[in-house]
K.L.:
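Sharing a structure with you now.
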Amino acid sequence: MKFTDGYWLTREGVKLSYATEVGDAVVADGRFTLYAPVRHVERRGHTLNSALVTVECSSPAEGVISVRSTHHAGAVERGPEFALLPDPAYSPGKVNRDGSVLELSSGSLALRVDTEGPWRLDFVADGKVLTSAEKRGTGFAVTDDGRHHALGQLSLGIGELVYGLGERFTPFTKNGQTVDIWQADGGTASEQAYKNIPFYLTNRGYGVFVRHPGKVSYEIASESVGQVQFSVADQSIEYLVIHGPTPKEILDRFTALTGRPALPPAWSFGLWLSTSFTTDYDEATVNRFVSGMAEREIPLSVFHFDCFWMKEYQWCDFTWDPDVFPDPEGMLRRLKDDRGLRICVWINPYIGQKSPLFAEAKALGHLVRKANGDVWQWDLWQAGMGLVDFTSPAARTWYQDKLRTLLGQGVDCFKTDFGERIPTDVVWHDGSDPQRMHNYYTQLYNEAVFEVLTEARGEGEAVLFARSATAGGQQFPVHWGGDCESTFTAMAESLRGGLSLGLSGFGFWSHDIGGFEGTPTPEVFKRWVQFGLLSSHSRLHGSNSYRVPWDYDEEAVTVTRDFTRLKHRLMPYLFEAGVRARQHGTPVMRAMVLEFPHDPATHTLDRQYMLGGDLLVAPVLSAGGEVEYYVPAGTWTHLLSGEQIQGPGWRRDHFGFDSLPLLARPGSVIPLGDAERAAEGVEYDWADGVTLRVHAPADGVETVTALPAPDGSTAVTFRTRRDGDAVTVTAEAARGAALGPWQVQLAGPDGYAAPVAAGAGTASLTVRTAG
């Protein structure tokens, strides 16, 4: 929200007050509290008839400093709040005083304030000021309508770029934008977002998390071009400055505080096929789709039933439409036993009035109510629908029991749609503030569903396909990009959103292959298939048209088959990237700046990404196959052709539908699973028959490659080292495990050399380079 009118003036109807100096400072228990008047105090009389801002400074974790500024502290504290996960081994920060300067330090980060100078908070790391709350950096605004806004401002340096704030489809770097953290069902072509996260990071070594679940309004180098301003309609605001210095380290610390993602099951990384949304389908349609994929030798992992598995007007009643699916248990059993598929079904947190469950939920008090006691209802989406009140433990259990019935029928996971259009003119069971609950509702919704999946299927087997999220929602993967059009433009929008979400702490992300609204051209479909199968998770889904590849052309069938098999071969590499997401919050799909923070050319790139740490992907976003992409320094190898490319520099190339820029990083070792096993499915022994592709190794450098087991543990560790023209690879299986056959394949100027095989039990292999 903008409060000023240019540099000199305040907007009409706004009264602004800023902390001017430190009136008093109290130090205790590794923290300090500053009492800041909003006017310069020259004599005692100046302390009268004027406000005082209370600024509490503390450290909840190493490398993290919290600042909470409060005007009036007497308000009743009504939730919800973003919980911070404590590290029991962490001791509070240290406070030092040097003359008039107070310093709160935590690991490599410190907050300094001169208690005798003008108001200024400096956040310092490695002897340099990262950012500062300057003379307008701490304060509040009161508007003529009686609303009170707490605000903070942090400075931006020259060339400093801002990223994150959730899954945003606007320009990738947020400088110059106004961003409101407010959940909305706005598709992928607007400034609205399904996943609003009040966290940003910059290319200068730090991130900032505004710990407020309600609407946070950001002015990012917009109202004041040298500042990021954030404000909330509240009496206080808290923000946490998180030091890296690298973007990966920032995300590591941020997700340690707000929650790390669970590791999705291996089968979820395979190809998902949907009925699509409003298309006609029954069991015969489903069987035709599944049989068509099998006949065309396209391996399929999950079949998804979208909304109309239930009867129209009755979403959600959690009951299969008997006119279309008269034998749901038998159908699911056949799909699972005969086809080896997992099953996903669509749900949402709304109960339509025609659903038999509406009267039940109303009588039990499980639906959100208005202040007069009436159930809150509207006709948008489902006629007369009510909203399940997940702040009520009884309502949560009631909803979960409906899901338990479906799990008993053979359902394996749920697409948790919606959760954004949450009313604010309501009363919650636990007394939560409706403004705060608007964004936070999705956390309760997805958590409730993920909890019952974990209970029924076991840890490591739970997975969602979720659309909405707030901070902490990364704990319940996977999230997908929502409703996009079926165009190249929408494909680029989706990628921007996914990269932005990855820089907001989310490790796993997907999107509708082919787009959702409309019907893609064959060219769009084939290019989106490539992009989709080089994403963390991959789903074919549309709105009013099917997404089976033979509906487009025969080449689409080939592209879908080849790239599905490629993803299956990459499973030992991709799943290990998933393990890293679980352990450190590093996303599987990574913006280039995340891997190459010291290369300024990567800082604005949003049409390419790193898949894991070692594969560069540049989706083709044109019908003719032309693509522009940037290659960082070193010798990169095209994984599909073996061609070597020298960076740094921009390239403009043309690719047929059988290829795209997919480049292996210099020095990388990419494990590819056995081709025959990968042709059958995503779940196989990834280490048995694995091929290690070695790319431009540096002399004297050892590269460690961990091959994961399906539970996320390490099955085999390979160590690759080059000495002169000899490349030696050693293998070590996990304790008690047998070492199967494996092989090494070197990349060179003439492409990949023939692989050199090692038999079962072979612990070391040396291969000679061509140079």
Side-chain angles (χ1 to χ4, degrees), residues 1-4 10-11 14-29 31-60 65-77 81 93 95 97 100-104 111-123 131-144 146-155 198 208-212 214-219 223-224 227-241:
M1 181 174 177
K2 293 181 173 69
F3 300 106
T4 57
T10 299
R11 294 204 169 198
V14 175
K15 180 181 179 182
L16 276 167
S17 300
Y18 297 111
T20 302
E21 58 194 23
V22 177
D24 192 14
V26 178
V27 179
D29 301 323
R31 61 177 63 206
F32 57 75
T33 301
L34 308 174
Y35 296 92
V38 298
R39 60 172 294 181
H40 176 51
V41 177
E42 296 179 347
R43 57 184 183 272
R44 285 184 173 182
H46 287 168
T47 65
L48 303 177
N49 305 313
S50 182
L52 193 68
V53 180
T54 303
V55 183
E56 301 165 276
C57 305
S58 61
S59 173
I65 289 178
S66 164
V67 174
R68 181 182 183 91
S69 66
T70 303
H71 180 202
H72 291 157
V76 175
E77 294 185 7
E81 297 284 355
V95 178
R97 186 189 290 270
S100 63
V101 176
L102 274 178
E103 179 179 276
L104 169 63
L111 168 61
R112 292 178 187 164
V113 56
D114 186 344
T115 59
E116 294 182 1
W119 180 262
R120 183 183 179 95
L121 304 177
D122 287 329
F123 296 89
T131 187
S132 302
E134 300 171 341
K135 63 181 181 179
R136 296 181 180 180
T138 308
F140 60 90
V142 179
T143 55
D144 280 353
R147 302 191 72 185
H148 186 286
H149 302 264
L151 63 90
Q153 276 190 1
L154 290 174
S155 62
V208 179
F209 173 42
V210 177
R211 193 182 170 202
H212 194 289
K215 183 178 182 179
V216 184
S217 181
Y218 286 87
E219 297 294 339
E223 180 178 11
S224 176
Q227 308 283 330
V228 174
Q229 177 175 284
F230 34 87
S231 61
V232 297
D234 209 331
Q235 290 287 339
S236 69
I237 188 168
E238 179 185 11
Y239 61 90
L240 283 67
V241 175

K.L.:
Under the criterion side-chain contact (heavy atoms from CB on, under 4.5 Å), I'd like the reasoning laid out for E134 against Q227: C-alpha separation, chi angles, the key distance, then a yes or no.
P.N.:
CA-CA 9 Å; E134 300 171 341; Q227 308 283 330; 3.0 Å; yes

K.L.:
Kindly say whether G139 contributes a backbone atom to a donor-acceptor pair with the side chain of S17 at under 3.5 angstrom?
P.N.:
no

K.L.:
Look up atom CG in L111 and atom CD1 in I65, then write down how far apart they are to the nearest 0.5 Å.
P.N.:
5.0 Å

K.L.:
How close do V55 and S69 get, counting heavy atoms only, and between which atoms?
P.N.:
CG2-CB, 4.1 Å

K.L.:
Quick check for you: to the nearest 0.5 Å, what is the distance between H72 atom NE2 and S236 atom OG?
P.N.:
12.0 Å

K.L.:
Measure from the side-chain N and O atoms of Y35 to the backbone N and O of V26, and report whether any donor-acceptor pair falls under 3.5 Å.
P.N.:
no

K.L.:
Looking only at heavy atoms, what is the nearest atom pair of Y239 and A133, with distance?
P.N.:
OH-CB, 4.0 Å

K.L.:
Check this for me: R39, atom CZ, are more than 12 non-hydrogen atoms of other residues, nucleotides or ligands nearer than 6.0 Å?
P.N.:
yes

K.L.:
Over 60° means perpendicular and under 30° means parallel, so classify the ring planes of F140 and H148, tilted if in between.
P.N.:
parallel

K.L.:
Could you tell me whether R31 atom CZ has more than 12 heavy atoms of other residues or ligands within 6.0 Å of it?
P.N.:
no

K.L.:
Take Y18 and L151, measure what side-chain contact (heavy atoms from CB on, under 4.5 Å) needs, and give me the verdict at the end.
P.N.:
CA-CA 9 Å; Y18 297 111; L151 63 90; 4.0 Å; yes

K.L.:
If I take atom OG from residue S58 and atom CG from residue D29, how far apart are they, to the nearest 0.5 angstrom?
P.N.:
11.0 Å

K.L.:
Supply the atom-to-atom distance R112 CZ to S132 OG, rounded to the nearest 0.5 angstrom.
P.N.:
11.0 Å

K.L.:
Between Q229 (side chain only) and M1 (backbone N and O only), is there a donor and an acceptor less than 3.5 Å apart?
P.N.:
yes

K.L.:
Under the side-chain contact (heavy atoms from CB on, under 4.5 Å) rule, what do V228 and T131 come out as? Steps first, then yes or no, please.
P.N.:
CA-CA 10 Å; V228 174; T131 187; over 6 Å; no

K.L.:
Locate the shortest heavy-atom distance separating A51 from H71; write the atom from each residue and the value.
P.N.:
CB-NE2, 3.7 Å

K.L.:
Got a salt bridge between K2 and E219, using NZ or NE/NH1/NH2 to carboxylate O under 4.0 Å?
P.N.:
yes

K.L.:
Between the side chains of S66 and E238, does any donor sit under 3.5 Å from an acceptor?
P.N.:
yes

K.L.:
Which heavy atom in L154 sits nearest to a heavy atom in F123, and how many Å separate them?
P.N.:
CD2-CE1, 3.9 Å

K.L.:
Within the side chain of E21, is there an N or O that forms a donor-acceptor pair under 3.5 Å with the backbone of V41?
P.N.:
yes

K.L.:
Can any side-chain N or O of R11 pair as donor or acceptor with the backbone N or O of T4 at less than 3.5 Å?
P.N.:
yes

K.L.:
Just to verify, what does H46 make a ring pair (Phe, Tyr, Trp, His ring centres under 6.0 Å) with, not counting sequence neighbours?
P.N.:
none

K.L.:
Looking only at non-hydrogen atoms, find the nearest pair between E103 and F32 and report the distance.
P.N.:
C-CE2, 4.2 Å

K.L.:
I need the minimum non-hydrogen distance between V67 and C57, along with the two atoms involved.
P.N.:
CG2-SG, 4.4 Å

K.L.:
Can you tell me how far the CG atom of L121 sits from the CG atom of D114, to the nearest 0.5 Å?
P.N.:
11.5 Å

K.L.:
Does the T47 side chain pair with the main chain of R44, one donor and one acceptor, at a distance under 3.5 Å?
P.N.:
yes

K.L.:
At what distance, to the nearest 0.5 angstrom, does OG of S155 lie from CZ of R136?
P.N.:
14.5 Å

K.L.:
Take I237 and S231, measure what side-chain contact (heavy atoms from CB on, under 4.5 Å) needs, and give me the verdict at the end.
P.N.:
CA-CA 8 Å; I237 188 168; S231 61; 5.5 Å; no

